[in-house]
Amino acid sequence: MGNGASIVNVNRRERWERAAEWPLTAAALAFLVAYAVPIVRPSLPIGAVTACGWVLTGTWIAFGVDYAVRLGLAERRWQFVRSNVLDLVVIGLPVLRPLRLLRLVALLSVLNRAGARSLRGRVVTYVCGATVLLIGTAALAVTEAERGVPGATITSAGDGLWWAVTTITTVGYGDRYPVSATGRVIAVALMVGGIALLGVVTATIASWLVDRVQQENEQEQAATRAQVRALAEEVAALRELLIAQRETDEAPDRSVS
């Protein structure tokens, strides 16, 4: 009975996740827009800002309900919590909620039939999506944290985007930098994320090179084996020809005797 119940729970959770995939993706998109608009346009009317706030609250509730349902359907709940730490962080830290947009990237990756069937293709897709989202959310977050702070050099969304790009690429011109404690925490997170993404890209390229070398070696070995087989067949044919010739030469001697 236990195994049957666990299988039913797993199936129900999978059905729930499939059904909630696109609605949650739409909610994440709505969150990103509602989060970005007041930062990019600080002069918005109070009514528009309030509406954006309601959208943020609604998306937080949607992700909280999704997490609670999946936790309730999980067979081993502590294992589920440990395996879905990012989802819990997404609910706890509002600035990280747009990371759920990676689900949209994962779904769109199936359109890339050539690359997405391999692990490397999926890794590249995730890295590209994560890079865009990390730069965008960091730019918005640091702009929100720095705006209005005395001595701040990041005062607009454009400044935040420029700072995010130069920081994640490790260029660091130094013309834009955070001065507040919150902004510096965001900078540390962006630096760590940039290093991690660079490591993934490097590992992916190295894996591709290793595979290419391995394919070349396999082709050379296959050609060598084919040549050895052909040579062995020729030797066997020559041996049979020599044996037949010897028997033909010895045949008159036997007839004379």
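Residue numbers start at 1 and run along the sequence shown.
- Judged by distance alone, the side chain of T59 and the main-chain N or O of L56 form a donor-acceptor pair under 3.5 Å.
- Placement of L44 and V33 within a single hydrophobic cluster is found when ILVMFWY residues are connected by side-chain heavy-atom separations under 4.5 Å, directly or transitively.
- For the salt bridge (charged side-chain N to carboxylate O under 4.0 Å, His left out) test, residues two or more places apart in sequence or in another chain that qualify with R176 are D159.
- Taking both residues in full, the closest heavy atoms of T166 and T169 are given as O-OG1, 3.4 Å, listed atom of the first, atom of the second, then distance.
- Across L24 and F63, no two heavy atoms sit closer than the pair O-CZ, 3.6 Å.
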Query raised in the report: Where do R70 and L73 land on the side chain to side chain contact (heavy atoms under 4.5 Å, CB included) test, with the steps shown first?
Result: CA-CA 5 Å; R70 290 189 296 132; L73 295 176; 5.9 Å; no
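- No chain of hydrophobic side-chain contacts below 4.5 Å, direct or via other Ile, Leu, Val, Met, Phe, Trp or Tyr residues, connects V37 to W60.
- Heavy-atom minimum distance, A141 versus Y35: CA-OH, 3.5 Å.
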Which donor-acceptor pairs under 3.5 Å do side chains of residues 180-195 form with protein atoms, sequence neighbours excluded?
unit_1	atom_1	unit_2	atom_2	d
S180	OG	E146	OE2	2.5
S180	OG	G183	N	3.1

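- Residue F31 is not grouped with residue V55 when hydrophobic side chains (ILVMFWY) are merged at heavy-atom distances under 4.5 angstrom, including chains of intermediate members.
- Y173 and W162 have their aromatic ring centers within a separation under 6.0 angstrom.
- Counting heavy-atom neighbours within 6.0 Å of Y177 OH, excluding the residue itself, gives a total of 12 or less.
- Nearest approach of P178 to V142, heavy atoms of both residues: CB-CG2, 4.2 Å.
- Nearest heavy-atom pair, W163 versus A138, reported as atom, atom and distance to 0.1 Å: CZ3-O, 4.1 Å.
- With rounding to the nearest 0.5 angstrom, the OG atom of S156 is 12.0 Å from the CD1 atom of I39.
- Judged by distance alone, the side chains of W16 and D66 do bring a donor and an acceptor atom under 3.5 Å apart.
- Between I135 and L161, some side-chain heavy-atom pair lies under the 4.5 Å cut-off.
- Across all their heavy atoms, A157 and V40 have their closest contact at CB-CG2, 4.0 Å.
- From L140, atom CG reaches atom CG of L32 across 6.5 Å, with rounding to the nearest 0.5 Å.
- L238 belongs to no multi-residue hydrophobic cluster, having no ILVMFWY side-chain contact under 4.5 Å with any other such residue.
- In this structure, V132 is not a member of the same hydrophobic cluster as I168, with clusters built from ILVMFWY side-chain heavy atoms closer than 4.5 Å.
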Requested in this report: Would you check, one step at a time, whether the test side chain to side chain contact (heavy atoms under 4.5 Å, CB included) holds for T153 with D175?
Outcome: CA-CA 8 Å; T153 61; D175 56 342; over 6 Å; no
